[in-house]
Amino acid sequence: MNEVLNRTIFVSTEGDDNNDGLTIETALASFAKALSLGTNIKVKRGVYNETFAIVNKDNIKIMPYDNNEEYSHEVPCRDVITIRGTQLDNNVASFTNCNSLHIEEVVFDTAGNSVLKIVDCNNVVLNYCQANNSANLMGFEVINTNAVFNKCYSSKNKYDGFNFHGYGTTILNDCISEYNNDDGCSHHDGCVGTINGGVFEGNGKCGIAPAYGAKVNVYSVICKDNKIGIGYLSTPSGHTDMKGIINSCVMVGNELGLKVDELCSIYTINCKYNGNTTDKQITGTLVEYE
């Protein structure tokens, strides 16, 4: 049974779900069918119109098929895999209780709810992926999950580009989140997060928003032209242990550069403010080092 689940299945824009999917010549047409037959999914670059939900499946890998050439995400190709949602009241794709999920160079696009939703998963790695154009919710919505996002991108979503809830540890490396109606990236509840590099620009609320008990450190990011560049947000009803480090970040052109609410204790190191309407609004504790 494990050999069947772990076998390689091919998906192509010229595929047919009546095929066996075992070679590129006999590729399937849909991700849902491919993931019902195997977990190592190799995909011909192109546009796919599909909405799918995967539950209780481990060791999933989705990556481009490059004509038998050795694939490396270090040099991404111009053409990517685009999956466009077909159900306007749903997510483009969701993964629930799927341990070891690895996705390369997939653009998830146009959803009624969240574009890509990941719930109760562990050991998740997304490289060069995108989640754009949610009509009602988030780009990347991640709940109770441990995950790493490398050079991922999110834009033009109804609420947040990257949204983290529940518990779990997440790392964002050189990601971009821009022109979302709410936050570029927000962590909530018991989340622990690290944001290394990247640009958070033009978002309707915060570029980066650790909130309501999350513990998030931020390094070497640019927060530009947001309502608030970085906002550590709390509520009077609780969450008394909001702490974080902001190191070598730039807040530029925001209405408010840095916001630290009551019950938050933040350290900044070598941060720069330029062209904000107001640089800082502090009701909690802020310790600054040059």
Side-chain angles (χ1 to χ4, degrees), residues 137-142 149 154-166 168-172 175-289:
L137 291 175
M138 317 297 177
F140 296 98
E141 182 180 7
V142 181
F149 296 79
S154 191
S155 179
K156 298 179 181 177
N157 297 290
K158 176 65 177 292
Y159 291 112
D160 301 345
F162 294 82
N163 177 275
F164 302 100
H165 269 275
T169 299
T170 53
I171 300 172
L172 279 69
C175 294
I176 296 174
S177 188
E178 58 184 5
Y179 309 117
N180 301 287
N181 285 338
D182 201 27
D183 299 323
C185 177
S186 65
H187 288 75
H188 304 77
D189 311 321
C191 291
V192 176
T194 302
I195 303 175
N196 296 310
V199 178
F200 300 82
E201 179 177 2
N203 298 289
K205 191 178 177 184
C206 297
I208 295 173
Y212 312 141
K215 296 177 176 62
V216 179
N217 295 331
V218 184
Y219 303 93
S220 302
V221 306
I222 296 172
C223 288
K224 182 177 184 291
D225 297 336
N226 308 284
K227 185 174 182 180
I228 302 171
I230 299 178
Y232 280 79
L233 311 176
S234 64
T235 61
S237 62
H239 306 301
T240 60
D241 195 25
M242 283 281 292
K243 295 181 179 179
I245 297 169
I246 307 173
N247 191 336
S248 301
C249 295
V250 177
M251 281 69 83
V252 57
N254 306 284
E255 291 184 27
L256 175 60
L258 173 64
K259 188 175 194 291
V260 179
D261 278 353
E262 59 181 326
L263 309 180
C264 299
S265 181
I266 307 303
Y267 295 84
T268 67
I269 304 168
N270 194 32
C271 291
K272 306 298 181 184
Y273 303 85
N274 185 21
N276 304 294
T277 303
T278 302
D279 283 342
K280 303 167 193 173
Q281 183 182 100
I282 312 299
T283 55
T285 301
L286 176 64
V287 179
E288 298 180 283
Y289 296 95

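Atom set for the values below is all heavy atoms of this structure, side chains included, hydrogens, waters and symmetry mates excluded. One-based numbering along the sequence shown. Note that the structure is a prediction, hence the values are computed from the model and not measured.
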query = Is it true that a side-chain atom of Asn180 and a backbone atom of Asp160 form a donor plus acceptor pair closer than 3.5 Å?
reply =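 Not confirmed, Asn180 side chain does not pair with Asp160 backbone.
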task = Examine distances only and state if a side-chain atom of Tyr267 and a backbone atom of Tyr289 form a donor-acceptor pair shorter than 3.5 Å.
result =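 No, the answer is negative, given that no donor and acceptor are paired below the 3.5 Å cut-off.
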task = Verify the neighbour count for atom OH of Tyr219: are there more than 12 heavy atoms of other residues, nucleotides or ligands below 6.0 Å?
result = yes
ask   = Which one of Val218, Val287, Val260 satisfies the side-chain contact (heavy atoms from CB on, under 4.5 Å) criterion with Ile266?
value =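 That would be Val260.
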Kindly compute the distance separating [atom1] ([X]) from [atom2] ([Y]), expressed to the nearest 0.5 Å.
X      : Y      : atom1 : atom2 : value
Leu172 : Ser177 : CG    : OG    : 9.0 Å
His188 : Tyr212 : NE2   : OH    : 6.5 Å
Tyr159 : Leu137 : OH    : CG    : 7.5 Å
Leu256 : Cys223 : CG    : SG    : 11.5 Å
Lys259 : Thr278 : NZ    : OG1   : 12.0 Å
Glu262 : Thr285 : CD    : OG1   : 11.0 Å

key: Sub-4.5 Å side-chain heavy-atom contact between Leu286 and Leu258   =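 Counting from C-beta outward, Leu286 and Leu258 do come under 4.5 Å.
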key: Closest heavy-atom pair and its distance - Cys271, Thr268   = SG-CB, 4.0 Å
request  = For Met251 and Ile230, work out which heavy atoms get closest and say how close.
outcome  = SD-CD1, 3.9 Å
note = So the salt bridge (Lys or Arg N to Asp or Glu O under 4.0 Å) pairs with at least one residue in residues 266-289 (sequence neighbours excluded) are Lys280-Glu288
request  = Assess the side chains of Asn276 and Asn254: does a donor N or O sit below 3.5 Å from an acceptor N or O?
outcome  =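 Side chains of Asn276 and Asn254: pair found under 3.5 Å.
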request  = Take Asp183 and Asn203 through the test side chain to side chain donor-acceptor pair (under 3.5 Å) and record every step on the way to the result.
outcome  = CA-CA 6 Å; Asp183 299 323; Asn203 298 289; over 6 Å; no
task = Return the set of residues passing salt bridge (charged side-chain N to carboxylate O under 4.0 Å, His left out) with Glu178 (not counting sequence neighbours), or none when no residue passes.
result = none
Pairing residues for Lys205 by the salt bridge (charged side-chain N to carboxylate O under 4.0 Å, His left out) criterion, not counting sequence neighbours =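 By the salt bridge (charged side-chain N to carboxylate O under 4.0 Å, His left out) rule, Lys205 matches no residue at all.
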task = Report the relative orientation of the aromatic rings in Phe162 and Phe140; use parallel for angles under 30°, tilted for 30 to 60°, perpendicular for over 60°.
result =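 Rings of Phe162 and Phe140: parallel, as their planes differ by under 30°.
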